[in-house]
Structures are given as structure tokens and as C-alpha cells.
Amino acid sequence: MYLLVSRTNNGELLVLPLGPEGEVSGPALRLTSRDFPGYVCDQEADRPRWVWEDTARIYPLLLKAGVRVHRAHDLRLCHTILRLSSLTQASSLARAEPSQWDRAPALQPDAAASGVTLFDLFDGDTGAGAEGPAEGGTDTAAGAGPQAEFRRQLDAVRASTEPGRLRLLLAAESAGALIAAEMQFAGLPWRTDVHDALLTRELGARVAPGIRPERLENLARRIRDALGEPGLNPDSQPDLMRALQKAGLRVTSTRAWELKEFTHPVIEPLLEYKKLSRLLSANGWYWMDTWIVNGRFHPEYIPGGVVTGRWATRGGGALQLPKQVRGAVVADADWKLVVADAAQLEPRILAALSGDTAMAQAGRGTDLYAGIVAGGVVETREHAKVAMLGAMYGATSGESGRLLPRLAKAFPRALALTETAARAGERGESVTTRLGRSSPRPGERWLATQAQAYDPGATDADERRARSQARDWGRFTRNFIVQGSAAEWALCWMAEVRRELRMLPPCTPAASGSEFDQAPHLVFFLHDEVMVHTPAALAATVEGIIRRAADTAGRHLFADFPVDFLLTVATVDSYAQAK
DNA sequence: TGTGAACGCGCG
DNA sequence: AAAGCGCGCGTTCACA
């Protein structure tokens with residue numbers, strides 16, 4: 001059922017079989033790291049759920065040895081969810097003093113550095129079959145070891161008001177951790193020759209670091225000429241700002257969108273310069289040399305890295321790959337990229353969360369924004385979009401603010417949900433996603449500022465500051481509930497895609513090479529978008545899997561509520577060809 | 001010489 | 001066209 005894995009200080013691995021309630025159900029096993037992958041591979045026949053402290057630290061070992069697992073439970077990620085969830089506030093896990101499980105993980109998934117000890121594994125356990133020290137130790141009587149923690153987590157879920165949702169959330173979060181490790185391992189196919197050609201075309205020939213490529217240098221000269229400032233460094237914002245002012249341009253910043261408002265000979269070359277210098281510094285040759293290894297981009301994904309449950313990444317800016325360079329993401333010969341994105345995901349999530357059947361109806365089988373226009377709510381798709389974003393982000397002014405009342409009239413339930421979430425945040429309360437992830441409470445400073453506004457001696461400035469800060473937090477909680485629930489949908493979607501892909505019959509009779517060189521697999525994830533690298537012959541099958549997975553995810557979160565989750569799917573050779 | 005804030009811009 | 005959510009990262013510059 002469950003196999004609990006932890007590491008010893010000397011790099012060995014301990015495996016403890018556990019039953020449905022986390023109780024010990026068999027003898028413990030000690031394995032060298034060399035024997036571990038083979039053991040895991042054997043056990044996979046029974047589809048156990050592997051329970052371990054941190055997927056990012058253990059799973060890469062298995063992947064290197066060519067072993068993948070089906071199911072896992074990531075204790076660290078699940079602890080974070082249960083600790084904050086409003087659905088488990090009465091549990092001992094949530095009420096305990098902060099422990100090692102609340103500390104941030106070390107930066108690197110370093111194998112030897114953070115092993116738990118034999119003692120950690122058995123500490124606090126009184127179940128049959130356990131051997132090892134039974135008392136003493138550095139932590140509380142409740143037990144700090146992974147088995148004790150796992151039992152607390154199971155207890156917290158069982159006793160919660162929504163155990164089904166939480167179980168789904170923890171499984172999806174853990175599956176996400178597996179996928180993150182697998183995607184980092186497999187890498188995104190990247191053609192450095194294509195990338196280099198693209199850079200050369202845009203910037204000029206490659207030059208040594210610290211020197212401007214030809215096209216950039218030409219633009220810098222044109223900027224200096226247009227401003228009459230021969231010595232100007234266009235990379236220095238203060239200098240640029242001063243020079244623009246001197247030329248009579250009353251700018252308040254050097255942001256591109258503000259510069260666009262002005263008419264002056266410097267504007268055109270300056271905007272071009274900004275675009276190209278950004279390309280050079282963010283995704284230029286230096287980036288390419290640093291991050292592309294053997295034709296693959298291997299960013300480190302961080303599941304749960306964003307408070308809302310979205311993923312973050314570390315290194316290489318993987319979630320910010322500009323459209324400019326996506327042409328370098330190219331499938332291998334005889335392979336394809338299947339790129340799918342969930343169309344208008346967040347509005348659809350909002351419709352389902354709030355049970356707003358009218359809004360769900362607007363998106364039935366069609367672009368949701370187009371559906372809103374068709375329903376006569378607003379005149380154009382752009383208006384529909386800007387109004388929806390305003391509702392979910394908390395816009396108060398501008399075009400978005402003006403359109404909001406019409407949206408509220410057409411979709412009262414959806415808008416009421418976002419308003420309720422915003423009011424809760426303004427009061428300093430937390431809000432909770434569909435599956436049970438709760439927003440953090442505001443910090444000490446926030447509370448102090450609010451308290452100050454209620455002080456009899458409070459000034460107008462105190463009150464203004466408190467009100468403004470309260471609204472800020474309200475916009476955060478307003479968005480949290482939608483963004484967080486959308487992240488849950490996306491995790492379920494991706495987990496389902498992974499599961500189905502693994503059920504495909506192998507295309508070659510095992511043995512030679514890695515699974516990732518032979519079978520379709522996920523290579524990229526971007527909040528509401530997934531990419532699968534697949535042998536060309538299987539591309540149509542993969543498309544079907546991705547589409548079915550979206551429906552499955554929708555049912556997992558919202559059961560029978562009639563909301564569509566439409567996808568845009570493209571089978572392409574290059575990422576640039578997708579949408 | 002190292003550190004961090006401010007700025008700006010890429011993505012959803 | 002530029003308000004309103006969540007991020008990561010590169011550059012410059014002030015300050016320790």
C-alpha cells in the first residue's frame with residue numbers, strides 16, 4: 001500500500017511498509033543507493049504509493065537509474081498544504097508548534113547532505129514491527145520523523161470536512177512533484193543552432209561578453225544622436241531619464257508602454273534597443289551556453305513554489321520563455337511536439353467555483369469571451385476579456401472598471417464569489433480553493449497597520465494607509481481563489497496526461513536507452529499549458545489523451561457541474577508554430 | 001567587494 | 001490601451 005522511504009546519514013535508504021492508516025505493516029528494509037532503483041522497479045508491479053520527505057531529493061536518483069514510479073506522497077509539500085488549509089485547522093498537525101516540516105527546504109536537491117537518520121524514521125512510532133530507538137530525541141513527544149508525520153497527515157485528512165477533496169489535492173500535488181522531476185530530467189528539446197541563427201539575425205554576429213553586438217551598437221548610436229548626448233549609456237535608466245527630460249519629453253519613467261505615447265525621433269530606436277537588449281541579456285548566447293546541455297533545456301521546476309499553488313522555477317527563467325525564442329524549441333527528427341493550452345481557464349474555473357451556470361453556458365463549446373459577446377453582455381471580445389480580468393484581479397478604474405457592472409448583471413453568482421473573497425481578505429481572513437488550499441494570513445505589519453487605524457488617535461493618513469493596504473490584500477485573496485483553483489485543475493490535468501501516457505504500450509521492446517528517448521513524455525508546463533514530446537506516429541493518440549484528461553480533470557474538481565474546459569491543441573515541429 | 005533596492009520586462 | 005493578480009531575473013547604483 002504505502003512504502004515509506006528515507007535516507008540514512010551514510011546515504012543508504014530505509015524502506016518501511018505501511019498500511020492504510022500509516023501503521024507499520026511489515027519489516028523494514030535497508031538498501032544501498034545502488035540496490036535501491038532495482039528494488040523500486042520490482043515493487044512497482046504492485047503500484048505502491050511511495051511516501052518520502054522530498055521528491056526533488058530522492059526521485060532524481062531513480063530517474064538516473066532509468067526507473068519511474070507511478071504514485072508518490074510528498075511529505076513536505078503535503079505538510080505545507082495541510083498546515084494552512086482551513087479544512088484541517090482542528091488537526092494536531094495544524095495546531096502543533098512549527099517543526100522541521102515547516103522549514104524551507106535546502107536549495108539544492110543534494111543527496112547526501114540532508115539524510116534523515118534511522119532514529120528520525122522510527123521516532124514516535126509505536127507500531128508493531130518497528131525496531132530502533134523508542135524514546136528520547138531532539139523533538140517533541142509527538143514525533144518528528146517521517147512516519148509520525150505521515151500519520152498526522154492521514155489523520156488530518158480523515159478528520160477534515162472535505163477529505164475527498166484534500167486527498168485529491170495531495171495526490172495531485174505529489175504527482176506534480178514527480179512530473180517536475182521527470183521534466184527536469186528529460187529536458188525541453190532545444191536547437192542551439194536555430195537559437196544562434198535567430199540571435200545573429202536580430203542582434204548581429206556573436207561578440208565577446210560586455211561588447212554590444214552590431215545592431216545594438218547601431219541603435220545606441222542613433223539614440224545618442226537623436227538626444228544629442230554623445231556619451232549616453234542607454235542601459236542606465238537614470239541617465240536615460242535625464243536625457244529624455246532634457247530633450248523635452250515629459251516622461252515619468254523609461255517603461256516601453258509609456259515611451260510609446262510620445263512622438264520624437266528617439267522613440268523608435270529606443271524601443272527597438274530595449275527589445276533587443278532584453279533578448280541579449282535574458283536569452284542571448286550566454287543564457288544558451290549556461291542552460292542548454294546536449295540539446296536540452298533542464299530548468300528546475302518548483303511545485304508549490306507560488307503561494308497559490310502554481311509552480312515556480314529556478315534558473316533559466318523557464319516560465320518566461322519569450323515568444324521571440326520559441327522557434328528554438330524543436331522536436332527531434334521523426335518526433336513531434338504536442339502543445340495544448342486551456343482556453344480561458346480562469347474564467348471557466350470561476351464559473352464552476354461559483355456555480356454560475358450562465359457564465360458556464362457562455363463558454364459551452366466555444367471561446368468564453370466570444371460567448372459573452374454573443375450573449376449581448378458587451379460589444380467586443382476585447383471588452384469581455386478586459387472586464388473578466390478586472391473581475392478576477394480587482395480592477396477599479398479604467399475601461400475594465402467601467403465594464404464591470406455589466407458583467408455583474410449578467411453573471412451575479414460569479415461576481416459575488418470574487419467580491420466575497422475580496423471582502424474576506426480585507427478583513428484579514430483567509431480564503432480556500434476548490435480542493436482545500438488556503439491563502440496565508442497577512443503578516444504582523446499588516447495587522448499592526450490595521451490596528452493603528454482603529455486607534456483613537458489615528459490620523460487620516462493612518463486610515464488611508466490601512467484602507468489601501470486592506471484593499472491590496474483583498475485583491476490578493478480575490479485572485480487567490482481563482483488562480484489557486486485553476487492551478488489545481490492544471491495539476492489534475494497534467495497528472496492524468498502522465499498516467500495515460502504511461503499506459504501506452506512501449507514502442508520498442510524495452511532495454512535500450514531511457515524511456516524518455518522512446519516514449520511520449522511531458523517536457524513543459526506553463527500554468528495552463530502542457531507540452532508533450534512524442535514519436536510522430538503517436539501524436540494523434542497523444543492529442544486524444546490530452547483532451548480526455550481535461551474532461552477528467554473537470555469532473556474531478558467539479559463533478560457534474562456543466563462547465564467545459566476547452567483546449568487549443570497543436571501538433572507541431574517547433575514551439576513557435578503553436579498558436 | 002559584496003549586498004540589496006529599484007526598475008523594467010518576460011510569462012501566465 | 002496600460003488599470004488590477006501571481007512570478008524570475010538581469011542591470012544599475014547606492015551603501016555598507
Side-chain angles (χ1 to χ4, degrees), chain A residues 209-210 212 233-242 251-261 270-271 273-284 286-287 290-291 299-326 341-347 349-350 380 382-383 385-404 418 421-422 425 431 433 437 439-440 468 471-487 489-490 524-530 575 579:
Chain A
R212 284 200 188 90
N233 170 16
D235 291 323
S236 169
Q237 273 136 28
D239 290 1
L240 183 57
M241 187 79 168
R242 267 190 296 274
V251 293
T252 61
S253 76
T254 65
R255 289 198 283 270
W257 65 260
E258 187 180 344
L259 295 177
K260 272 183 204 138
E261 302 299 298
L270 181 52
L271 291 175
Y273 180 89
K274 280 173 156 288
K275 216 171 80 196
L276 294 183
S277 77
R278 165 83 191 184
L279 172 64
L280 176 64
S281 68
N283 297 99
Y286 182 74
W287 179 92
T290 306
W291 296 107
E300 181 185 358
Y301 296 93
I302 307 177
V306 179
V307 277
T308 58
R310 277 186 173 185
W311 287 14
T313 57
R314 186 157 44 216
L319 299 185
Q320 307 139 251
L321 273 188
K323 299 214 158 75
Q324 253 175 325
V325 303
R326 291 185 179 186
D341 94 43
Q344 306 93 40
L345 177 59
E346 292 194 350
I349 291 289
L350 173 58
T380 67
E382 269 317 290
H383 280 182
K385 182 174 175 176
V386 102
M388 275 303 315
L389 292 179
M392 294 185 298
Y393 294 165
T396 53
S397 62
E399 180 141 66
S400 185
R402 280 195 298 280
L403 291 166
L404 275 179
T418 59
V431 296
T433 59
R437 194 187 307 260
S439 64
S468 151
R471 285 204 201 94
D472 288 347
W473 199 260
R475 283 194 303 276
F476 165 61
T477 52
R478 170 198 295 271
N479 187 247
F480 181 97
I481 195 165
V482 179
Q483 185 183 119
S485 299
W489 180 91
F524 197 53
F525 172 51
L526 193 54
H527 308 313
D528 60 358
E529 177 178 335
V530 300
Y575 192 12
K579 199 169 65 152

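All chains are named by letter (A, B, ...) in the order of the sequence lines, taking the proteins before the strands, and each is independently numbered beginning at 1.
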Could you list the protein-to-nucleotides 9-15 of chain C atom pairs, N/O on both sides, closer than 3.5 Å?
{"residue": "C:dC9", "atom": "OP1", "partner": "A:Gly315", "partner atom": "N", "Å": "2.3"}
{"residue": "C:dC13", "atom": "OP1", "partner": "A:Ser236", "partner atom": "OG", "Å": "2.5"}

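Under the side chain to side chain donor-acceptor pair (under 3.5 Å) criterion, A:Asn283 pairs with no residue, sequence neighbours left out. When the ring-ring contact (aromatic ring centres under 6.0 Å, His included) test is applied to A:Tyr301, the partners found at least two apart in sequence or on another chain are A:Trp311. In terms of the salt bridge (Lys or Arg N to Asp or Glu O under 4.0 Å) criterion, residue partners of A:Arg310 (sequence neighbours excluded) are, by chain and number, A:Glu346.
With distances taken from any side-chain atom of A:Asn479 to the nucleotides B:dC11, B:dG8, C:dG6, the minimum falls on C:dG6. Among the nucleotides C:dA3, C:dC5, B:dG12, the one closest to any side-chain atom of A:Arg475 is C:dC5. The nucleotide whose nearest atom lies closest to any side-chain atom of A:Arg255 is, among B:dC11, B:dC9, C:dG4, B:dC9. Taking every side-chain heavy atom of A:Val306 into account, C:dC7 is the closest of B:dG12, B:dG10, C:dC7.
Of the residues in residues 390-397 of chain A, none lies under 4.0 Å from DNA chain B by heavy-atom distance.
When atom types are taken as modelled, the side chain of A:Ser439 and the backbone of A:Val431 share a donor-acceptor pair closer than 3.5 angstrom.
Paired regions of DNA chain C, where each region holds three or more successive Watson-Crick or G-U pairs whose two hydrogen-bonding distances fall under 3.5 Å, are B:1-12 with C:5-16.
A:Arg310 comes within 4.0 angstrom of a base, heavy atoms only.
At a cut-off of 3.5 Å, with distance as the only test, no side-chain donor of A:Gln483 or A:His527 sits close to an acceptor on the other residue.
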